[in-house]
Amino acid sequence: MIPPEPPQPQLQPPPPPAPPNHVVTTIENLPAEGSGGGSLSASSRAGMRQRIRKVLNREMLISVALGQVLSLLVCGIGLTSKYLAEDFHANTPVFQSFLNYILLFLVYTTTLAVRQGEENLLAILRRRWWKYMILGLVDLEANYLVVKAYQYTTLTSVQLLDCFVIPVVILLSWFFLLIRYKAVHFIGIVVCILGMGCMVGADVLVGRHQGAGENKLVGDLLVLGGATLYGISNVWEESIIRTLSRVEFLGMIGLFGAFFSGIQLAIMEHKELLKVPWDWQIGLLYVGFSACMFGLYSFMPVVIKKTSATSVNLSLLTADLYSLFCGLFLFHYKFSGLYLLSFFTILIGLVLYSSTSTYIAQDPRVYKQFRNPSGPVADLPSTAQVEPSVTYTSLGQETEEEPHVRVA
């Protein structure tokens, strides 16, 4: 008889390894006090400096600086107009515009006249004469309405209501130029307008809100009308210089602006012109005004093409502050610290607006797909005649995070 085999011992599975003591490990791995903390803070500072350099890049600073050049030209226009109106009683806004249009005609319209082919003056007039006729009339009356408003309303009202041009430009750019804005753009716009409100408040505190005329409501309506026409003119200008050319725009504005301002001058202002006490000082002021106005019209298309009509109008908010700083010495204006606060607030708003790029959505479905890249791709009809795309128009260098995108 074979004895039974002894029972095999049951093999017990090895016990699971004890979980590591994360708290102890974390504490042990912490850098010694005074050694690693400095490196962490140094890396944080380096990251902050890198972000600041990315925002304050060369392209953005150039855009802000170009806008301030335009603002200084507007300041020169305002100062020469003030001297003519208050010191020499020469209230001739149409004649002043007429001089500028004549200069544009002599420089740019004659340039178009000597060109050959499709860019010749006659070829342009055959294709688009009625568009430039409307644009010339709009540009002339925008200047006239705002200057005329000073006779009826206060300086404060003109400054505040003239900001109406900004929402006009934004809306027209959105619907007609298909420009799309980001949240930071709207934040920058709000900051700029807050800076403008701060300047108006400073004017009230130091007593510069003088100038109320006989009918404030009429004056306010004139400012709103002029701001609306300015917005139309600026957006139309941006469209022309991006699709056609700067010389064509200025040449046509010079041609039709001179024509309409000459008619308006003969009808409405010929008596005022005869009352002007002509001497070398008045002549010099007219020359200075015309030079600033011609420089503004010639240089603004360059800045608009580099930035946008919205950015240019935000930049021009500082023109009143430049005029005020000059008036401290020339007209003995009272000073308030709110003016400096207003100036730097507007500049901060400009930096915020220019810190990132706008973009153009040529098709609403592409715009929706671009804004939600993780969502389903929209099926575009194969019979579409125009290939939709999204194109960036950059106000700053964002080549790493926001490259050109084309969706087919």
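One is the number of the first residue; the rest follow in order along the sequence. Side chains are part of it too, since the values below use all heavy atoms of this structure and drop only hydrogens, waters and symmetry mates.
Residues Arg246 and Pro301 come closest through the heavy atom pair CG-CB, 3.8 Å. In terms of heavy-atom proximity, Val191 sits nearest to Leu352 at CG2-CD1, 4.1 Å. In plain terms, the two heavy atoms of Trp278 and Leu273 that are nearest each other are NE1-O, 3.8 Å. Nearest heavy-atom pair across Ser311 and Tyr353 is CB-CE2, 3.8 Å. Among all heavy-atom pairs drawn from Ala142 and Leu229, the shortest one is CB-CB, 3.6 Å. The two residues Ala319 and Val74 have their closest heavy-atom pair at CB-CG1, 3.7 Å.
Put simply, the side chain of Asn143 reaches to within 4.5 Å of the side chain of Met293, judged on heavy atoms. Using a 4.5 Å heavy-atom threshold, the side chains of Phe260 and Tyr101 count as separate. Residues Leu137 and Phe256 are not in side-chain contact: their nearest non-hydrogen atoms beyond the backbone lie 4.5 Å or more apart. At a threshold of 4.5 Å between non-hydrogen side-chain atoms, the residues Leu340 and Phe325 count as touching. Inter-residue side-chain proximity for Cys198 and Thr345 is flagged as unmet; no heavy-atom pair is nearer than 4.5 Å. Considering only heavy atoms from C-beta on, Phe88 stays 4.5 Å or farther from Val276 through its side chain. Contact annotation: the side chain of Leu205 approaches that of Leu338 to within less than 4.5 Å [non-hydrogen atoms, C-beta and beyond]. Taking the side chain as every heavy atom from C-beta outward, Leu317 and Met199 never approach each other to under 4.5 Å.
Looking only at distances, a side-chain donor or acceptor of Thr80 sits under 3.5 Å from a matching main-chain atom of Ile77. Distance alone, capped at 3.5 Å, places no donor-acceptor pair between the Arg115 side chain and the Leu121 backbone. For His89 (side chain) and Pro277 (main-chain N/O), no donor-acceptor pair under 3.5 Å exists by modelled atom type. Judged by distance alone, with hydrogens and angles left aside, the side-chain atoms of Thr358 form no donor-acceptor pair with the main-chain N or O of Arg180 at under 3.5 Å. A donor-acceptor pair is defined here as one N or O able to donate and one able to accept, closer than 3.5 Å; no such pair exists between the side chain of Ser233 and the backbone of Tyr230.
Side-chain contact, Tyr108 with Ser298: a donor N or O sits under 3.5 Å from an acceptor N or O. Side-chain atoms of Ser354 and Ser63 form no donor-acceptor pair, as typed in the model, at a separation below 3.5 Å.
Atom OG1 in Thr318 sits 7.5 Å away from atom CG in Leu72 (nearest 0.5 Å). Between Asn313 atom CG and Ile304 atom CD1 the span is 7.5 Å, to the nearest 0.5 Å. Between the NE2 atom of His270 and the CD atom of Gln264 there is a distance of 13.5 Å, given to the nearest 0.5 Å. A distance of 9.5 Å separates NZ in Lys275 from CG in Asn91, rounded to the nearest 0.5 Å. Atom CG of Leu70 is separated from atom OG1 of Thr307 by 8.5 Å, given to the nearest 0.5 angstrom. Here the straight-line distance linking atom CD1 of Ile189 with atom CD1 of Ile166 works out to 7.0 Å at 0.5 Å rounding.
The aromatic rings of Tyr181 and His185 lie perpendicular to each other, with more than 60° between the two planes, well past the 30° mark.
Aromatic ring centres of Tyr286 and Phe95 lie closer together than 6.0 Å.
At most 12 non-hydrogen atoms from other residues, nucleotides or ligands lie less than 6.0 angstrom from CZ of Phe105. Under a cut-off of 6.0 angstrom, the local environment of CZ in Phe176 is sparse, with at most 12 non-hydrogen atoms contributed by other residues, nucleotides or ligands.
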- Evaluate side chain to side chain donor-acceptor pair (under 3.5 Å) for Ser97 paired with Ser261, printing each intermediate quantity in order. CA-CA 7 Å; Ser97 296; Ser261 61; over 6 Å; no

- Can you list the steps and then say if Val147 with Ser81 is a side-chain contact (heavy atoms from CB on, under 4.5 Å)? CA-CA 10 Å; Val147 173; Ser81 296; over 6 Å; no

- I would like to know whether Val312 and Val169 meet side-chain contact (heavy atoms from CB on, under 4.5 Å); could you show each step before the answer? CA-CA 10 Å; Val312 165; Val169 169; over 6 Å; no

- Verdict with supporting geometry, Val138 and Ile134, side-chain contact (heavy atoms from CB on, under 4.5 Å): CA-CA 6 Å; Val138 167; Ile134 296 174; 4.3 Å; yes

- Given the rule in the side-chain contact (heavy atoms from CB on, under 4.5 Å) test, do Gln281 and Asp87 qualify, once you have shown the distances and angles that lead to the verdict? CA-CA 11 Å; Gln281 291 178 313; Asp87 292 2; over 6 Å; no

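The stretch residues 120-133 participates, sequence neighbours left out, in these side chain to side chain donor-acceptor pair (under 3.5 Å) pairs: Glu118-Arg127, Arg128-Glu248, Tyr132-Glu248. Each side chain to side chain donor-acceptor pair (under 3.5 Å) pair with one or both residues in residues 321-331, not counting sequence neighbours, appears once here: Gln68-Tyr322.
Taking Glu269 as the reference, nothing meets the salt bridge (charged side-chain N to carboxylate O under 4.0 Å, His left out) condition, with sequence neighbours excluded.
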